[in-house]
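In what follows, chains are A, B, ... by sequence order, proteins preceding strands, each numbered from 1. Bear in mind that the values here come from a model prediction, so they are computed numbers and not experimental data.
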Amino acid sequence: QKEVEQNSGPLSVPEGAIASLNCTYSDRGSQSFFWYRQYSGKSPELIMSIYSNGDKEDGRFTAQLNKASQYVSLLIRDSQPSDSATYLCAVDENTDKLIFGTGTRLQVFP
Amino acid sequence: DTGVSQNPRHKITKRGQNVTFRCDPISEHNRLYWYRQTLGQGPEFLTYFQNEAQLEKSRLLSDRFSAERPKGSFSTLEIQRTEQGDSAMYLCASSLSQDQPQHFGDGTRLSIL
């Protein structure tokens, strides 16, 4: 079992819709969770960090964390074509390094 | 805040040559990380520093790889006797402290001929 799992996609949504990206992790001791956006050929860009159970909102983005279910998600409201990218889920297993999933490719079509 | 800076952006070299990459972290960040990313995969951890101390190295980091951060500021990653399998994007990230978000540089793309 991979430590951090994501559906590789592509996830296709129409412009203006809500995109829902999901991630599961295996280490129950994990404390810190991050979502990064990566455009093709570019480096990862931090979008959200979340440390406690519940929801955290920042603009059009909402991160959700459920430690009991070992599940973290990212919702993107009012999706735009510019949101088309690969979204990487990263988990800090209390070991000072990030464990990344393989990423979910999101396509937002006009 | 000028962000994390990596040089060079691209490196093409022949198999067997040595290469060195440089990373300048965000100025107040005392933690510096190196990752490697291949196509279709997420970044994989290689090593990290707190100030000048190298605190952990991944099993991915063979004895051909060495990293330094001599004065706790910039860091270098050297690969000796490069192999085809070393072709990847090498990413550097820095953070203010443990558990704080890591911010990535633009990466160095290494191609081995």
Side-chain angles (χ1 to χ4, degrees), chain A residues 2-10 21-27 29-52 56 58 61 63 65 67 72 74 85-106, chain B residues 1 3-10 21 23 25-26 29-51 53-61 67 88-111:
Chain A
K2 286 189 175 179
E3 294 174 86
V4 178
E5 293 210 46
Q6 296 181 255
N7 187 321
S8 61
L21 304 159
N22 305 313
C23 172
T24 59
Y25 60 94
S26 59
D27 190 328
S30 300
Q31 297 293 325
S32 308
F33 306 86
F34 306 92
W35 282 99
Y36 287 85
R37 177 176 62 198
Q38 187 171 30
Y39 293 111
S40 180
K42 302 295 184 182
S43 65
E45 174 191 7
L46 179 71
I47 296 178
M48 295 282 287
S49 57
I50 187 166
Y51 302 93
S52 55
K56 179 182 178 182
D58 184 0
F61 300 100
L65 175 61
K67 290 186 179 180
V72 58
L74 179 71
T86 296
Y87 289 80
L88 297 163
C89 172
V91 176
D92 184 340
E93 297 179 339
N94 229 19
T95 57
D96 294 336
K97 61 181 182 283
L98 294 180
I99 307 298
F100 285 84
T102 54
T104 298
R105 189 156 61 95
L106 173 66
Chain B
D1 179 357
V4 178
S5 176
Q6 291 189 247
N7 287 288
R9 293 292 307 279
H10 304 275
F21 311 139
C23 172
I26 294 171
H29 287 187
N30 60 36
R31 292 201 169 214
L32 186 150
Y33 304 80
W34 285 100
Y35 293 83
R36 180 172 68 188
Q37 187 177 25
T38 53
L39 198 61
Q41 301 297 314
E44 294 177 294
F45 170 80
L46 294 179
T47 188
Y48 88 98
F49 295 82
Q50 178 168 307
N51 299 312
Q54 188 173 17
L55 296 186
E56 187 175 344
K57 295 196 295 185
S58 163
R59 287 169 296 177
L60 292 174
L61 218 63
M89 174 78 89
Y90 289 83
L91 294 164
C92 177
S94 70
S95 71
L96 195 57
S97 62
Q98 184 179 359
D99 294 338
Q100 292 301 303
Q102 296 179 25
H103 297 271
F104 285 82
D106 289 336
T108 294
R109 183 170 297 282
L110 174 64
S111 299

Under 4.5 Å heavy-atom distance to chain B, tell me which part of A/L88 shows up: side chain, backbone, both or neither. side chain
Please state whether the side chain, the backbone, both or neither of B/Q37 comes within less than 4.5 Å of a heavy atom of chain A. side chain
For residues 41-49 of chain A, run the donor-acceptor check on the side chains, cut-off 3.5 Å, and write out each pair with its distance to 0.1 Å, sequence neighbours left out.
| unit_1 | atom_1 | unit_2 | atom_2 | d |
| --- | --- | --- | --- | --- |
| A/S43 | OG | B/G105 | O | 2.8 |
| A/E45 | OE1 | A/R37 | NE | 3.4 |
| A/E45 | OE1 | A/R37 | NH2 | 3.0 |
| A/E45 | OE2 | A/R37 | NH2 | 3.3 |
| A/S49 | OG | A/K56 | NZ | 3.4 |

Kindly check if the number of other-residue, nucleotide or ligand heavy atoms within 6.0 Å of NZ (A/K67) is above 12? yes
Any heavy-atom pair between the side chains of B/Y35 and A/F100 that's under 4.5 Å? yes
Taken to the nearest 0.5 Å, the spacing of B/Q98 CD from A/Q31 CD works out to 10.0 Å
Interface residue of largest heavy-atom contact number with chain A, from B/A93, B/S58, B/P43, B/S95, under 4.5 Å: B/P43
Using the ring centroid of each side chain, check whether A/Y36 and B/F104 are separated by less than 6.0 Å. yes
Interface residue of largest heavy-atom contact number with chain A, from B/P101, B/G107, B/G40, under 4.5 Å: B/P101
Greatest number of non-hydrogen atom pairs under 4.5 angstrom with chain A, of B/M89, B/Q50, B/R31, B/H103, falls to B/R31
What part of B/E44 is in contact with chain A, defined as an atom under 4.5 angstrom from a non-hydrogen atom: side chain, backbone, both or neither? neither
